[in-house]
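Beneath this line is the structure, given in structure tokens, with notes to follow.
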Amino acid sequence: MRLKELRKKRNISQLKLAMDLGINQNSISRYETGIREADYATLIKFADYFNVSIDYLLERTDNPTFLKQ
């Protein structure tokens, strides 16, 4: 997942991201290292927070944009 890349690009700490999204900081760390996989609701939070598609987060595309209907 591109979570760490997006977070670092915006100079956001794991703690800030966790606080902004109401997620435990340890969970953020585990998502970034691949120890844990995010559920659908969490993926949506990440995508909305970074304004990217879920496919981009999951490295299924290199295009970060998405279509809202």
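Note that the structure is a prediction, hence the values are computed from the model and not measured. Each residue takes its place number in the sequence, starting with 1.
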Task: Approximate separation, where rounding is to 0.5 Å, of Leu43 CG and Asp55 CG - done: 10.5 Å
Task: Residues Thr65 and Asn63: side-chain donor-acceptor under 3.5 angstrom - done: yes
TODO: Report yes or no: do Met19 and Tyr49 belong to one cluster of Ile/Leu/Val/Met/Phe/Trp/Tyr joined by side chain heavy-atom distances under 4.5 Å?
DONE: no
TODO: Under the side chain to side chain contact (heavy atoms under 4.5 Å, CB included) rule, collect the residues that match up with Glu5, sequence neighbours excluded.
DONE: Arg2, Lys9, Tyr56
Open item on the list: What verdict does the side-chain contact (heavy atoms from CB on, under 4.5 Å) test give for Phe46 and Leu17, after you've listed the backbone C-alpha separation in whole Å, the side-chain angles of each residue and the deciding distance to 0.1 Å?
Closed with: CA-CA 9 Å; Phe46 290 145; Leu17 179 60; 4.3 Å; yes
Open item on the list: Let me confirm one number: the CG-OG1 distance from Leu3 to Thr42, rounded to the nearest 0.5 Å.
Closed with: 10.5 Å
Open item on the list: I need the Arg7 CZ to Lys16 NZ distance, nearest 0.5 Å.
Closed with: 12.5 Å
Taking distance alone, no hydrogens or angles, what donor-acceptor pairs closer than 3.5 Å link side-chain atoms of residues 21-31 to residues at least two apart or in another chain?
unit_1, atom_1, unit_2, atom_2, d
Asn24, OD1, Asn26, N, 2.6
Gln25, NE2, Gln14, OE1, 2.5
Ser27, OG, Arg36, NH1, 2.8

TODO: State, to 0.1 Å, how close Leu57 and Leu6 come at their nearest heavy-atom pair, and which atoms those are.
DONE: CD2-CD1, 3.6 Å
Task: For Ala47 against Ser53, the heavy-atom pair lying closest together - done: CB-C, 4.3 Å
Task: Partner set under ring-ring contact (aromatic ring centres under 6.0 Å, His included) for Phe50, not counting sequence neighbours - done: none
